[in-house]
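Count residues from 1 along the sequence.
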Amino acid sequence: MNQFTTFFKKEWLEMWRSFKFIWIPLVFVILGIMDPITNYFIDDILASVGNLPEGYEMLLPDFTPVDIYAATTSQFQSIGIIVLVAIFASAISRERQSGTATLMYVRPISFASYFLSKWAAAVGLAVFCVVVGYFSSFYYTNLLFGSVPFDQFLAMVGTYCVWIMFAISFTLAMSAAFKTSIAMALSILAIPVFLMIDSLIGSFWTITPWKLANYGVQILAGDIVWKDYYWTLAITISLTIVFIVVGILMSKKKAATTKI
């Protein structure tokens, strides 16, 4: 526990010094407010752009709060998730490649404490970003489009946080197992690319971690199939635990590859 606390404080301090606690949440805040503001003022935006043919009229649908939250989730799933993967894919491998980890490996350490400290710091930051992003969207959506039941909104946010924990766990496990470039490629392939694949042909299956974010939105829409949701949630949590264990084991196994 003492080692975990020490490692965790180190990670926390590094995040503050690199301003990750400022600019990453800011990215999610911008993503969160982008859709409610843009969709509400779309007519004014088009009018100000000008150069439209005379008599041209664009018929836009009446957006509901659920539509806005779905769009916000889509932004998180595209831009937001890539930002997080790009940051944490090098969290462990970079220390081995640069030789920084040598300072820790010269003495006996608990690799469980080492990996879990990075996991806890990364998940803490990612969940914080998701929460501030969704609540930014919540404020403007309530203001411009109407409200949704708050308990259902919290269920959506909580569901997405579970998905983020899964994505971060996989990314850190890849960082522990491979060099930064390989970890980055595998993480992007497994997270953002698989999300695109699921959006294209995902109608052939209903239980997969990559559907969890959409199921969170469906809770708001009131058309959720609870059996599929609970099975997906259980599998996602189970795989998250598996990737944590893999990350711990690979951190220990790859310690010998650290540059001196």
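- Among all heavy-atom pairs drawn from Ser147 and Asn142, the shortest one is CA-OD1, 3.3 Å.
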Query raised in the report: So Phe115 and Trp119, ring-ring contact (aromatic ring centres under 6.0 Å, His included) or not? Walk me through it.
Result: CA-CA 6 Å; Phe115 182 86; Trp119 181 87; 8.1 Å; no
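- Checked against Phe145 for a side-chain contact (heavy atoms from CB on, under 4.5 Å), the options Phe63, Tyr140, Tyr69 give a single hit: Phe63.
- Atom CG of Leu172 sits about 8.5 Å away from atom OG of Ser187, to the nearest 0.5 Å.
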Query raised in the report: Going through the distances and angles, do Thr5 and Lys9 end up as a side chain to side chain contact (heavy atoms under 4.5 Å, CB included)?
Result: CA-CA 6 Å; Thr5 303; Lys9 288 180 178 178; 3.7 Å; yes
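- A donor-acceptor contact shorter than 3.5 Å is absent between the side chain of Ser74 and the backbone of Ala70.
- At distances below 3.5 Å, at least one donor-acceptor pair connects side-chain atoms of Thr236 with backbone N or O atoms of Thr232.
- Taken from OG1 in Thr208 to CG in Asp228, the straight-line distance is 11.5 Å, to the nearest 0.5 Å.
- Closest approach of Phe194 to Ala190, counting heavy atoms only: CB-O, 3.2 Å.
- For the pair Ser169 (side chain) and Ile244 (backbone), a donor-acceptor distance under 3.5 Å is absent.
- Side-chain N/O atoms of Asp67 and Thr64 include a donor and acceptor closer than 3.5 Å.
- The ring of Phe128 has its center no closer than 6.0 angstrom to the ring center of Phe28.
- Residue Phe21 places its CZ atom among more than 12 non-hydrogen atoms of other residues, nucleotides or ligands, all under 6.0 Å distant.
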Query raised in the report: What do the steps show when you test Leu31 against Thr72 for side chain to side chain contact (heavy atoms under 4.5 Å, CB included), and what is the final call?
Result: CA-CA 7 Å; Leu31 295 176; Thr72 298; 6.0 Å; no
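- Taking CZ from Phe88 and CG from Leu125, the interatomic distance works out to 4.5 Å, rounded to the nearest 0.5 Å.
- Taking the six-membered ring for Trp and the full ring otherwise, Phe135 and Phe153 have centroids separated by under 6.0 Å.
- Between Gln77 and the choices Ile82, Leu195, Asn214, the side-chain contact (heavy atoms from CB on, under 4.5 Å) rule is met once, by Leu195.
- Val132 pairs in a side-chain contact (heavy atoms from CB on, under 4.5 Å) with only one of the listed residues (Val127, Ile24, Leu26, Val29), which is Val29.
- With Glu11 contributing its side chain and Ala121 its backbone, the two residues share no donor-acceptor pair below 3.5 Å.
- Of all heavy-atom pairs between Phe111 and Ser251, the closest is CE2-O, 3.5 Å.
- Separating the CD1 atom in Ile79 from the CG atom in Leu84 is a distance of 12.0 Å, to the nearest 0.5 Å.
- When every heavy atom of Pro36 is checked against every heavy atom of Leu144, the shortest pair comes out as O-CD1, 3.7 Å.
- Within the model, atoms CZ of Phe7 and CG of Leu116 stand 11.0 Å from one another, a figure rounded to the nearest 0.5 Å.
- When side chains are defined from C-beta on, Asp198 counts as touching Trp205, because their heavy atoms get closer than 4.5 Å.
- The two atoms that bring Cys161 and Val131 nearest to each other are SG-CG2, 4.3 Å, heavy atoms only.
- Within a 6.0 Å radius of CZ in Phe8, more than 12 heavy atoms belonging to other residues, nucleotides or ligands are found.
- A donor-acceptor pair under 3.5 Å is formed between the side chain of Ser199 and the backbone N or O of Met196.
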Report task. Decide yes or no on side chain to side chain contact (heavy atoms under 4.5 Å, CB included) for Ile191 and Trp163, but give the supporting numbers first. Result -> CA-CA 10 Å; Ile191 307 299; Trp163 156 252; 3.9 Å; yes
Report task. I would like to know whether Trp226 and Ile219 meet side chain to side chain contact (heavy atoms under 4.5 Å, CB included); could you show each step before the answer? Result -> CA-CA 9 Å; Trp226 288 106; Ile219 293 175; 4.1 Å; yes
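- Interatomic distance, Ile248 CD1 to Lys253 NZ, rounded to the nearest 0.5 Å: 15.5 Å.
- Classification of the Tyr215-Tyr229 ring pair by plane angle, with boundaries at 30° and 60°, yields perpendicular.
- Closest of all the heavy-atom pairs between Ser90 and Ser175 is C-OG, 3.7 Å.
- A 4.5 Å side-chain heavy-atom check between Gln152 and Met156 finds every atom pair outside the cut-off.
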